[in-house]
There are 2 protein chains.
Amino acid sequence: MTSVEEPVRPGGRTRDAVRTKAEILDVATQEFARAGYDGARVDEIAARTRTTKRMIYYYFGGKEQLFTAVLERAYGVIREAEQELDVDHLDPVAAIRRLAELTFDHHEQHPDFIRLVSIENIHGAEHIAASEKLGRIGSPALDVIRRILASGQESGLFTADVDAVDLHAMISSFCFFRVANRHTFGALFGRDLVDPAQREHYRTMLGDMVIAYLTAERAAD
Amino acid sequence: MTSVEEPVRPGGRTRDAVRTKAEILDVATQEFARAGYDGARVDEIAARTRTTKRMIYYYFGGKEQLFTAVLERAYGVIREAEQELDVDHLDPVAAIRRLAELTFDHHEQHPDFIRLVSIENIHGAEHIAASEKLGRIGSPALDVIRRILASGQESGLFTADVDAVDLHAMISSFCFFRVANRHTFGALFGRDLVDPAQREHYRTMLGDMVIAYLTAERAAD
DNA sequence: TAGCTAACGTACTAGTTCGTACATTAGTTG
DNA sequence: CAACTAATGTACGAACTAGTACGTTAGCTA
């Protein structure tokens, strides 16, 4: 986490723009994820910070921009994780599985991120659209998928003619749903999709599904 | 739709509890889906109705209960659709594909429902938990899946040993993601998952994926 | 160390928003 | 048709909430 954990300087508030800003972002992330954009309270964010509401407006301008900043950072984290992905030494099947597992793990470990994305979708992705940072930075995962896919299709191992974006959607949908819809799914079907005891089961299931799809025998078209 | 479309009785407001209630539900569904629970405005719902805010409280008690009622009706609609599913005459592969396509179609045709479910998840499914109606009514789709799965596994056609709930999650995740995350996905990757021109492509992709998973050759365990 | 500015705090306001007290009437029933 | 009740409308208030005007100070720099 990018959380702020400096030791509390005993007696006497030091000035530290970087720390203050980061602390606001941390708390805001939690608060927005907890209650949604409209449900989140600026006062609540301020209260749970070592600074005041004034600083939120000083550094971010307003609630809307704060939410955008929160989104930008959250997307940054997953991009970093994707960048560390090194699968060039693996055969296509293993590489895809590894990629799927990374997505699976990241989604599970960052439920707040999932919630933020859900919230942003409720609002038509208007903050992403307004953000310069998020505007045109394609996911590193896409490049990786493209390479794996090309090599797998060339060797004839992969029969499906999906492109990278579609495959990314397929993998993400399962990982995302599992975390995002955990509550309604659990309430309606009595099964906790994020139950730790079932983790390996679903992780394997995802990989099996993707590989089966990519390598299935298909009628000539 | 269960929408209210009676001809406007010219001159003179007639009393009609059923119509008023239904009209409130219609508008509330739109408003909650548009802006989320906290973003939705009770006054706005009332304004777009032929009645007043007073009636919302008269019939539903409050914003919270109104949202619950909206959810209950939305879930009712999908259950009805699932109940009309008749696949007993089909072989397991065709039956599963038909089921997947029904889910696909319903999700696409009811984006408001998807948004409501997303919103409910942001709030931890607390309204479902509090609802008697939604508490313990398993999805009819689950029963159908169970039957198809049993027949497919018995005949040796299906090699995967998933259960009905997991398969339902797999199918739903793709359908749900496509609609729910349409905006962020489009903004980030420049592809509209709900583009009508791509509809058949994704519909087929879902079926292929599920069938490939169910029928894939697997190492003995 | 004087001066300056980025960083910070307090107190307040204008506008909103859920909810309700109170008044009224359509339509039914005896 | 009198009486009654479900259904409806109006007007208002208490509480909340994003945002700001104004004042203060830490710590750097000349």
Side-chain angles (χ1 to χ4, degrees), chain A residues 4 6-32 34-70 119 123 126-127 130, chain B residues 4 6-32 34-70 119 123 126-127 130:
Chain A
V4 181
E6 284 94 307
V8 185
R9 197 79 68 77
R13 303 250 161 86
T14 329
R15 301 191 162 193
D16 188 338
V18 176
R19 194 209 63 182
T20 301
K21 229 173 145 174
E23 193 173 348
I24 291 174
L25 271 181
D26 282 344
V27 177
T29 299
Q30 293 170 28
E31 173 70 1
F32 279 123
R34 182 189 67 81
Y37 178 78
D38 291 288
R41 298 287 161 242
V42 177
D43 283 300
E44 177 64 21
I45 294 171
R48 286 167 48 200
T49 299
R50 268 174 292 180
T51 183
T52 65
K53 183 165 58 159
R54 177 71 185 77
M55 288 299 100
I56 293 175
Y57 289 89
Y58 183 68
Y59 283 120
F60 297 95
K63 189 180 182 181
E64 205 99 16
Q65 293 104 305
L66 176 60
F67 183 71
T68 302
V70 164
I119 292 161
H123 295 275
E126 57 180 15
H127 303 94
Chain B
V4 181
E6 283 96 307
V8 185
R9 198 80 67 79
R13 302 249 162 85
T14 331
R15 303 191 160 191
D16 189 340
V18 177
R19 196 210 61 183
T20 301
K21 229 174 144 174
E23 193 173 347
I24 292 174
L25 271 181
D26 282 344
V27 177
T29 299
Q30 293 170 28
E31 173 69 0
F32 280 123
R34 181 188 69 80
Y37 178 78
D38 292 287
R41 297 287 161 245
V42 176
D43 283 299
E44 177 64 22
I45 294 171
R48 287 167 48 199
T49 298
R50 268 174 293 182
T51 184
T52 64
K53 184 165 57 159
R54 177 72 185 76
M55 288 298 98
I56 293 175
Y57 289 89
Y58 183 69
Y59 283 120
F60 297 96
K63 189 181 183 181
E64 204 98 18
Q65 293 103 306
L66 176 60
F67 183 71
T68 303
V70 164
I119 292 160
H123 296 274
E126 59 180 14
H127 303 95

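Proteins get letters first, then strands, A, B, ... in listed order; numbering begins at 1 in each.
- Separating the CG atom of A:Asp16 from the C1' atom of D:dG27 is a distance of 12 Å, rounded to the nearest angstrom.
- B:Ala40 comes within contact range of the sugar-phosphate backbone alone, with a heavy-atom separation under 4.0 Å but no base atom that close.
- The nearest whole Å value for the distance from the CD atom in A:Gln65 to the P atom in D:dA18 is 14 Å.
- Phosphate contact (OP1/OP2 of C:dA7, side-chain N/O of A:Arg54, threshold under 4.0 Å): absent.
- Per the geometry, CD belonging to A:Glu64 stands 15 Å off C1' belonging to D:dT17, to the nearest Å.
- Distance CZ (B:Phe67) to P (C:dC18): 14 Å, rounded to an integer number of Å.
- Qualifying side chain to side chain donor-acceptor pair (under 3.5 Å) partners for A:Glu64, counting only residues two or more places apart in sequence or in other chains: A:Tyr37, A:His127.
- Rounding to whole angstrom units, NZ of residue B:Lys53 and C1' of D:dG13 are separated by 11 Å.
- Note: CE (A:Met55) to C1' (D:dG23) measures 12 Å, nearest angstrom.
- Under the rule for a side chain to side chain donor-acceptor pair (under 3.5 Å), B:Arg41 has no partner lying at least two apart in sequence or in another chain.
- In the region residues 56-63 of chain B, proximity to DNA chain D at under 4.0 angstrom, judged on heavy atoms, holds for B:Tyr58, B:Tyr59.
- Every side chain to side chain donor-acceptor pair (under 3.5 Å) that B:Gln30 has, sequence neighbours left out, goes to B:Arg48.
- The separation between A:Arg15 atom CZ and C:dC4 atom P is 17 Å, rounded to whole Å.
- Between B:Thr51 and D:dG9, a side-chain N or O to OP1/OP2 separation shorter than 4.0 Å is present.
- OP1 and OP2 of C:dT10 both lie 4.0 Å or more from every side-chain N or O belonging to A:Thr52.
- In this view, B:Lys53 and B:Asp43 satisfy the salt bridge (charged side-chain N to carboxylate O under 4.0 Å, His left out) rule, not counting sequence neighbours.
- Under the side chain to side chain donor-acceptor pair (under 3.5 Å) criterion, A:Arg54 pairs with no residue, sequence neighbours left out.
- Rounded to a whole Å, the CD atom of A:Glu44 is 19 Å from the P atom of D:dA15.
- Applying the side chain to side chain contact (heavy atoms under 4.5 Å, CB included) test between A:Phe60 and each of A:Val70, A:Leu25, A:Thr68 identifies A:Leu25 as the sole match.
- Side-chain contact check for A:Thr51 versus A:Glu23: every heavy-atom pair is 4.5 Å or farther apart.
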